[in-house]
Amino acid sequence: MAPQTRRMAFPQVVIERDTDSERSSSDDEDDFDQEENGPQSESEAEGEVTENGSRGKNEEDMDSKEQRKAPITISLKKVCKVCKKPGHEAGFKGATYIDCPMKPCFLCKMPGHTTMTCPHRVATQYGVVPAPQRNTHNALEYVFQRQLRTRLPPIKPAYVIPDRVCCAVIRYHSRRVTCLEFHPTKNNILLSGDKKGQVGVWDFDKVHEKMVYTNIHTCIVNNMRFNPSNDGMVYAASSDGTISCTDMETGISSSLMNLNPDGWQGPSSWRMLYGMDVNSEKNVVLVADNFGFLYMVDMRSNNKSGEAVLIHKKGSKVVGLHCNPLHPELLLSCGNDHFARIWDMRQLKAGSSLGDLLHKRVVNCAYFSPLSGSKILTTSQDNRLRVWDCIFGNLDSPSREIVHSHDFNRHLTPFRAEWDPKDPSESLAVIGRYISENYNGAALHPIDFIDISTGQLVAEVMDPNITTISPVNKLHPRDDILATGSSRSLFIWKPKEKSEVVEQKDEGKIIICGSTEKKFKRKFGDGSDDSGGDDDGFKSKGKNFKLTKSRSKSAHCPRKVKR
DNA sequence: ATCCGATGGCTCC
DNA sequence: TGGAGCCCCTCGGA
């Protein structure tokens with residue numbers, strides 16, 4: 001197979017097909033056949049495995065006869081760890097993952113090919129299902145076209161992609177990061193929540209200062225929002241069943257609501273809060289739980305307002321809530337019942353949704369577009385982003401489906417495609433990628449920038465030192481900055497040219513937190529490892545860590561991935 | 001180096 | 001409807 005290049009605008013990274021993969025079958029023969037009796041056919045090998053697997057009552061007799069005849073030869077023929085059949089083997093060959101050919105494509109879920117040859121991987125816009133031509137000219141759509149569409153400039157501006165890590169805190173959290181939120185007015189403050197319930201307040205202009213509040217929640221922080229009338233206060237919804245309201249300066253926190261006042265009575269009664277948003281027009285915090293219910297808390301009185309409303313299938317998790325930025329009466333919810341739903345806040349009762357957007361799998365998140373609020377973008381575990389171009393039009397099917405790898409659901413924070421809040425054309429979204437690519441010998445998981453109006457991959461950003469998956473990403477509301485939560489670490493990305501011109505005092509710093517500092521010092525290179533000669537040194541208060549820039553074609557990766 | 005476990009959703013019965 | 005068992009690229013700690 002000829003090497004294939006991925007179609008992309010920026011950065012230019014040539015993906016070389018790992019030649020190991022192409023000779024994998026011959027490798028199998030060479031590496032795994034331990035027989036001394038010469039070559040053996042596939043069927044014989046299979047028979048041998050079967051025999052080993054079904055050793056019955058006569059096994060001792062057979063063994064003794066064979067012992068007398070000839071020395072025992074044990075076949076070490078390996079079987080595929082996925083389908084348990086011999087002849088092929090799924091797993092990493094170097095930094096390239098070889099799929100089991102017996103399974104449907106891991107990326108697009110269609111049978112007949114593997115991820116390696118999936119057309120969506122070779123050219124990502126291949127899988128975009130275009131918007132159907134509809135003739136639905138209703139009055140609402142007419143109003144929308146006249147009043148709202150005119151606010152959007154007809155020509156898309158050039159995208160600015162933050163693609164260089166300018167600072168990072170390694171192991172800032174003690175468990176994996178679950179959510180991020182930029183401060184609404186202070187440009188350099190990033191909030192992060194983790195699986196343990198801790199909330200970090202990171203000033204990425206003062207990288208060395210670590211501030212993590214540990215007493216706010218007892219388990220997963222699922223969503224955070226700032227109080228729109230007091231940006232020193234932040235609300236957080238947690239799987240401990242509480243909404244917290246915390247003063248960012250002091251860390252003093254109060255609980256607005258507790259769904260488990262009697263403590264742990266078993267998993268069937270424990271309520272967890274997932275989706276959350278604030279509606280500043282109506283002065284309420286909206287939260288939803290793992291049993292399908294929506295709750296509202298008045299922000300002025302801090303009292304629960306009204307009764308809980310069943311908005312998704314009873315007993316299913318409601319993972320996302322989003323208030324429309326322009327129409328305060330519109331609410332969008334999504335959950336594990338495979339639906340995203342549009343609601344009228346004035347008529348909130350079970351079964352009265354304005355629209356039900358069906359997905360094939362769990363919906364990780366659903367967001368209105370950030371400026372006009374007239375589009376919807378959802379991330380579903382069926383490896384597809386879905387776009388509805390106009391919420392006032394026909395909602396029966398999405399305008400576009402974009403195949404994208406983000407379906408791993410266990411042990412990882414769910415991936416969420418996030419709008420770029422600065423993009424006036426409302427077409428740029430960012431989302432981490434689950435599947436890895438072989439970038440010059442390292443298996444890296446890029447963060448993708450996708451033009452959701454075309455399905456085209458605008459950019460994939462990665463850094464050779466970030467070998468973990470980055471499911472949590474958020475774009476800055478005003479600056480060209482991307483924040484990433486990857487495992488327990490936080491990263492701040494800026495555009496290359498910009499960060500080279502505007503050097504801030506702590507720019508380019510990496511701080512390693514926690515008890516495993518020595519281990520990470522080795523990993524990131526303190527002179528003792530073979531990380532190559534031309535890395536950029538990042539000096540930070542008496543320590544000297546190295547972090548290589550994201551490179552384009554000449555990218556090299558100091559740390560080979562061993563699997 | 002290797003193993004293990006925390007975990008969530010899905011399918012099958 | 002509910003429980004058992006399964007699962008395909010994790011990640012970090014013992």
Side-chain angles (χ1 to χ4, degrees), chain A residues 18 20-21 79-85 88-111 113-116 118 121 170-178 194-197 219-220 222 239 266-268 270 272 274 290-291 312-319 334-338 359-364 380-383 404-415 432-439 442-446 462 466-472 485-489 512-520 522-523 561-563:
Chain A
D18 194 334
D20 285 352
S21 64
V79 295
C80 172
K81 66 176 179 184
V82 176
C83 68
K84 312 288 187 284
K85 290 197 172 76
H88 64 273
E89 207 186 352
F92 273 100
K93 290 260 180 205
T96 305
Y97 190 88
I98 308 299
D99 266 352
C100 172
M102 311 301 281
K103 294 275 181 175
C105 173
F106 184 46
L107 175 56
C108 73
K109 313 296 179 196
M110 304 300 282
H113 64 270
T114 63
T115 313
M116 182 65 79
C118 178
R121 181 162 175 158
I170 308 299
R171 302 207 173 188
Y172 192 72
H173 283 271
S174 57
R175 293 288 183 275
R176 62 165 208 253
V177 174
T178 53
D194 74 15
K195 189 170 163 282
K196 205 180 180 184
C219 60
I220 313 177
N222 290 304
S239 290
S268 58
W270 185 260
M272 301 185 264
Y274 282 85
N290 57 328
F291 288 91
H312 280 267
K313 186 181 171 185
K314 198 169 187 180
S316 75
K317 206 188 273 180
V318 183
V319 291
C334 64
N336 280 23
D337 63 352
H338 301 188
H359 295 66
K360 287 201 180 73
R361 296 274 167 160
V362 167
V363 190
N364 290 349
S380 172
Q381 300 227 8
D382 65 352
N383 264 357
H404 180 264
S405 169
H406 53 252
D407 68 334
F408 197 63
N409 54 13
R410 205 169 46 155
H411 316 307
L412 278 181
T413 305
F415 290 83
R433 196 192 303 172
Y434 169 51
I435 204 163
S436 68
E437 296 273 9
N438 180 353
Y439 294 98
L444 301 178
H445 307 265
M462 81 291 288
I466 307 174
T467 55
T468 47
I469 294 169
S470 307
V472 193
S486 186
S487 187
R488 294 155 54 174
S489 308
I512 298 169
C513 304
S515 58
T516 47
E517 187 170 314
K518 277 183 189 170
K519 187 177 164 185
F520 262 77
R522 272 203 307 279
K523 176 178 170 180
V561 173
K562 292 172 194 164
R563 297 271 175 178

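Chain letters run A, B, ... following the sequence lines, proteins first and then strands; every chain starts at 1.
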His338(A): which residues meet the side chain to side chain donor-acceptor pair (under 3.5 Å) condition with it, sequence neighbours left out? none
For Lys360(A), enumerate each residue passing the salt bridge (charged side-chain N to carboxylate O under 4.0 Å, His left out) test, keeping only those at least two apart in sequence or located in another chain. none
Whole angstroms only, please: what is the CZ-C1' distance between Arg361(A) and dC10(B)? 7 Å
Applying side chain to side chain contact (heavy atoms under 4.5 Å, CB included), name anything that partners Met110(A), two or more places apart in sequence or on another chain. Cys108(A), His113(A)
Measure from CG on Asn383(A) to P on dC9(C) and round the result to the nearest Å. 13 Å
Could you state the CD-C1' distance from Gln381(A) to dC10(B), rounded to the nearest angstrom? 11 Å
What is the separation between atom NZ on Lys85(A) and atom P on dC8(C), rounded to the nearest whole Å? 12 Å
Ile469(A) near the nucleic acid: base, sugar-phosphate alone, or nothing, with a heavy-atom cut-off under 4.0 Å? sugar-phosphate
Polar-atom pairs under 3.5 Å, protein N or O versus N or O of nucleotides 4-6 of chain B: list them with distances, or write none.
from	atom 1	to	atom 2	distance (Å)
dA6(B)	N6	His411(A)	NE2	3.4
dA6(B)	N1	His411(A)	ND1	3.3

To the side chain of Val362(A), which of dC8(C), dC10(B), dT10(C) is closest? dC10(B)
Could you check whether Asp407(A) pairs with Arg361(A) (Lys NZ or Arg NE/NH1/NH2 to Asp/Glu carboxylate O, under 4.0 Å)? no
Hey, does Pro471(A) reach any base, or is it just sugar-phosphate, or nothing, if we go heavy atoms under 4.0 Å? nothing
So, is Lys317(A) close to the dG9(B) phosphate, meaning a side-chain N or O under 4.0 Å from OP1 or OP2? yes
Output yes when at least one side-chain N/O atom of Asn336(A) is less than 4.0 Å from OP1 or OP2 of dG9(B), else no. yes
Please report the distance separating the C1' of dT10(C) from the corresponding atom of dT11(B), rounded so that it comes out in whole Å. 23 Å
Looking at Ser487(A), does any N or O in its side chain come under 4.0 Å of the phosphate oxygens OP1/OP2 on dG12(C)? yes
Of the listed dG12(C), dC8(C), dC9(C), the closest approach to the Val82(A) side chain comes from dC8(C)
What is the distance, rounded to the nearest whole Å, between atom NE2 of His359(A) and atom P of dC10(B)? 13 Å
So, OP1 or OP2 of dG13(C): does either fall under 4.0 Å of a side-chain N or O from Arg488(A)? yes
Between Phe106(A) and dC8(C), do the rings stack, that is, sit under 5.5 Å apart with planes less than 30° off each other? no
Is the NZ atom of Lys313(A) crowded by more than 12 outside heavy atoms at less than 6.0 Å? no
Here the distance between atom C1' of dT10(C) and atom OH of Tyr434(A), to the nearest Å, is 7 Å
Can you sort out the partners of Pro414(A) under side chain to side chain contact (heavy atoms under 4.5 Å, CB included), two or more places apart, ordered by chain and number? Asn364(A)
Side-chain N or O of Arg175(A) versus OP1/OP2 of dT10(C): is the shortest distance under 4.0 Å? no
For Ser380(A), all residues meeting side chain to side chain donor-acceptor pair (under 3.5 Å), sequence neighbours excluded: Asp382(A)
What nucleic acid atoms does Arg176(A) come within less than 4.0 Å of, heavy atoms only: base, sugar-phosphate, or nothing? nothing
With no hydrogens and no angle check, is any side-chain donor or acceptor of Asn438(A) less than 3.5 Å from a backbone partner on Ala95(A)? no
Protein-nucleotide distance (Trp270(A), atom CH2; dG8(B), atom P), rounded to Å: 14 Å
For Asp337(A) and dG9(B), give me the distance from atom CG to atom C1', rounded to whole Å. 14 Å
